[in-house]
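Quick notes on the structure that follows.
Chain A is the first sequence line, chain B the second, and so forth, proteins listed ahead of strands; every chain is numbered from 1.
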Protein chains: 2
Amino acid sequence: MARNQITIKDIAREAGVSTALVSFVMSNATAGEPLYRVNSETSKRVLEVAERLRYKPNSSARALRSGKTGTIGVVLSDISNPFFSEIARYLEDQAYGYDYNVIFASTDEDPEKFRRVVSVLMNKGVDGLILVPCGGTEDTIRELVSSGVNIVLLDRTVPGLDVSSVVLDNRDAAKCITEKLISRGAVRIDMVSYSMNISNTRDREQGYLDAMAAAGLSGYTHIERIAHNSYGGISQYVSEAKDRGVNAFMIATNTLSLLVISEIYKQGFRIPDDFMIACFDRNPLYDIYGSGIVYVRQPVDAFASKAMELVMSHVSAKPGKKRPEEQIVLSPEITG
Amino acid sequence: MARNQITIKDIAREAGVSTALVSFVMSNATAGEPLYRVNSETSKRVLEVAERLRYKPNSSARALRSGKTGTIGVVLSDISNPFFSEIARYLEDQAYGYDYNVIFASTDEDPEKFRRVVSVLMNKGVDGLILVPCGGTEDTIRELVSSGVNIVLLDRTVPGLDVSSVVLDNRDAAKCITEKLISRGAVRIDMVSYSMNISNTRDREQGYLDAMAAAGLSGYTHIERIAHNSYGGISQYVSEAKDRGVNAFMIATNTLSLLVISEIYKQGFRIPDDFMIACFDRNPLYDIYGSGIVYVRQPVDAFASKAMELVMSHVSAKPGKKRPEEQIVLSPEITG
DNA sequence: TTCATTTGTTAAATCGTTTTAACTATTGGT
DNA sequence: ACCAATAGTTAAAACGATTTAACAAATGAA
């Protein structure tokens, strides 16, 4: 990169002060107004010179000395998944507001990869981590937490760990949409879920069972657990479901929903005539199906702003004064 | 971040050598084999100690001294747009392979925001930039290029600028899908496009016109240009199109496609009975419509790998020996 | 007047690496 | 025996900021 670096030294020379003063002014001046222990003339002059020379602080130097990089690492399942990419966008905007940057890393739900990318981000020197834990990462996270890394869990929790987190009230959300299916006449409702051990899908399964029980439908419940990234069996499963008289699917994640919906149409069935759908996260095309699809709209913006708020509150905590960890549970919104 | 930093100094002491040697070994040792001008005993010892103490180089220090941050900035329209988030994912993976990181920033097609985020990334100290230019950023980009910044344009070009780029053959792609519509019986085909001045949509419009001309349908062509993020008029437009006897839409981008498709259904029309659709980028639910939707599948992985390859070739160029800029045009794949 | 506090500023150390220039052995050619 | 080249290593100077400890001058209290 061609960068004719103007340094703090140039400014110091030009303004006739020391580099220490320049540094102090540059990093503490707020809107040109009164600055503790600095002559306002002087500080104005420094600011002016900096402006004139188009001074841009070198962030590597700053990071080296101060130990703060101004970067938050975000580890999520897959940034190409719309749910996460939407979160990513909000996180990006949030970070910008704090004068921070975010670096994303995808794990593909693989705990080994999770470990690897976390380590890369740590080496890179992030000031905090926002993590979407996947199955099998409990130990890695526990280790991070106990070594004092600034962490916020997102979308999923790790039970028995004192660490900040922001999650949806998944159980309630799942219960609500299942009830909505029931109120629209569904009686044989299958749940399609993932086989991975992840807090949010487990909670959603509970919500499904809750609703079925509350409606006296416990006689028929079925949870079909699909392994992540092995979707071969879906075709057979859907046709069998039809045979079993299933008339609605309650689906745990957006990826699974799209697969099931496609499959339904591929087999010549229709929504809502053959099946109704309850699912998580919206898709621009769901509206087409009218009341055939109920979905949980997750407050993605709140996920992002809360997570960033939490991670920032730890970043800015005075050394020694660790802020208490905070668990936040957000309410779902039901649509469709 | 709590990090009990093991430094190069610790290793030097432990291994009984100088820090210079440690640094040299650490950054040049490839798989433990012969290392220029270093006793293999010594280098093995250094490596061992580093391993034992779990040495992690401090990247801020490295960046400060070497001037390389190991980070590429990626500026795109909106990372929550599936097309870009998919690219983002591939870029992330690619970068990882080069031992690099990427930082994303979204512009929302706003040239002022573009300028801002580029400046943030530059200050952060990226080794290169992958840019999706938006309308009105020509000057900003020209300026960057002429100041020697390592740049690769993605998805869109800026005419008259000697800079590397990776784009789709948009004109040809648009021509192909329009022809496919025609071959399936469409005659009154509207194109829905953006009003922004962006190379790829302009090219797609040309492709549409090409196909219409080639089929002798130049008598009826219509390009509806929508302003970015002001989609209020779509509803009226669709119903008017129906009145005009339009029986197919050729749509320039994925966002517009979803809007139009939703609107079609909202107004009680059907695909393919009332309208056929030709569009760009796939959506998991398009398959439902069978041959009613033709779409261009962009080689997103190639976009990413080529862009990263280009930016990396500049990063690793010896100072003074600037690699020539390279323009890459990728071929589309038609599906549906 | 004298001592204490506050104001305004700076010299110098430090962060952890990379990199340059140089130095001592050792080898080999003549 | 002499010189040149090569191998192996290191001391020390960057890189550009932040931060600590200290100092001089001005102010105020007694």
Side-chain angles (χ1 to χ4, degrees), chain A residues 1 3-29 34-47 49-50 53-70 99 122-125 127 318-319, chain B residues 1-29 34-47 49-50 53-70 122-125 127 318-319:
Chain A
M1 299 271 82
R3 307 208 47 204
N4 51 331
Q5 275 268 41
I6 300 290
T7 77
I8 220 174
K9 231 171 173 170
D10 301 315
I11 298 182
R13 183 172 355 92
E14 196 81 359
V17 296
S18 73
T19 62
L21 188 54
V22 175
S23 171
F24 186 74
V25 170
M26 294 310 293
S27 46
N28 299 8
L35 189 48
Y36 176 66
R37 245 144 133 42
V38 174
N39 188 320
S40 65
E41 294 286 308
T42 320
S43 87
K44 206 170 73 183
R45 186 153 33 95
V46 168
L47 255 16
V49 174
L53 302 188
R54 304 200 179 296
Y55 167 69
K56 309 286 181 210
N58 178 310
S59 37
S60 302
R62 190 201 288 269
L64 173 58
R65 181 60 241 241
S66 70
K68 302 213 153 303
T69 55
D99 258 304
M122 291 292 293
N123 293 347
K124 194 88 192 175
D127 295 342
K318 295 275 168 284
Chain B
M1 300 273 82
R3 307 206 49 202
N4 52 331
Q5 275 267 42
I6 299 291
T7 77
I8 220 174
K9 229 168 171 173
D10 300 316
I11 298 181
R13 181 173 356 92
E14 195 82 359
V17 296
S18 73
T19 62
L21 188 55
V22 174
S23 170
F24 186 74
V25 170
M26 293 311 292
S27 47
N28 300 8
L35 188 48
Y36 176 67
R37 252 158 168 299
V38 174
N39 188 320
S40 64
E41 294 286 310
T42 320
S43 87
K44 205 171 70 184
R45 186 154 32 96
V46 168
L47 257 14
V49 174
L53 302 188
R54 304 204 177 296
Y55 167 70
K56 308 286 181 207
N58 177 310
S59 36
S60 302
R62 191 201 288 269
L64 173 58
R65 179 63 241 235
S66 71
K68 303 213 153 303
T69 55
M122 291 292 293
N123 293 346
K124 194 88 192 173
D127 295 343
K318 294 274 169 283

Round to the nearest Å and state the distance from B/Asn28 atom CG to D/dG8 atom P. 15 Å
Atom CD1 of B/Ile8 and atom P of C/dT18: how far apart are they, to the nearest Å? 5 Å
Please report the shortest heavy-atom distance between B/Leu53 and B/Ile6, naming the atom on each side. O-CG1, 3.4 Å
When the distance from CG of A/Asn123 to P of C/dG16 is rounded to whole Å, what number comes out? 15 Å
Close side-chain approach of B/Ile8 to B/Tyr55, heavy-atom, < 4.5 Å: yes
Quick one: B/Lys68 NZ to C/dT17 P, roughly how many Å, whole number? 19 Å
Which letter, B, S or -, goes with each nucleotide of nucleotides 3-10 of chain C from 5' to 3', with contact meaning a protein heavy atom under 4.0 Å? ----BBBB
I want to check something: taking the side chain as every heavy atom from C-beta on, are A/Lys124 and A/Thr69 in contact at a cut-off of under 4.5 Å? no
Close side-chain approach of B/Asn58 to B/Thr7, heavy-atom, < 4.5 Å: no
Whole angstrom is fine here: how far is it from CG in B/Asn58 over to P in D/dA17? 17 Å
Separation of D/dA14 atom C1' from B/Arg62 atom CZ, nearest Å, is 17 Å
Smallest heavy-atom separation, A/Phe24 atom then A/Tyr36 atom, equals CE2-O, 3.7 Å
Take the protein atom CG of B/Leu64 and the nucleotide atom P of D/dA14, then report the distance between them rounded to whole Å. 13 Å
Measuring only between side-chain heavy atoms, which start at C-beta, is A/Pro57 closer than 4.5 Å to B/Asn123? no
Quick one: A/Ile11 CD1 to D/dT18 P, roughly how many Å, whole number? 11 Å
Between the side-chain atoms of B/Arg65 and the base atoms of C/dT18, is any donor-acceptor pair under 3.5 Å? yes
For A/Ser23, report the nucleic acid contact type (base, sugar-phosphate, nothing); a contact means any heavy atom under 4.0 Å. base
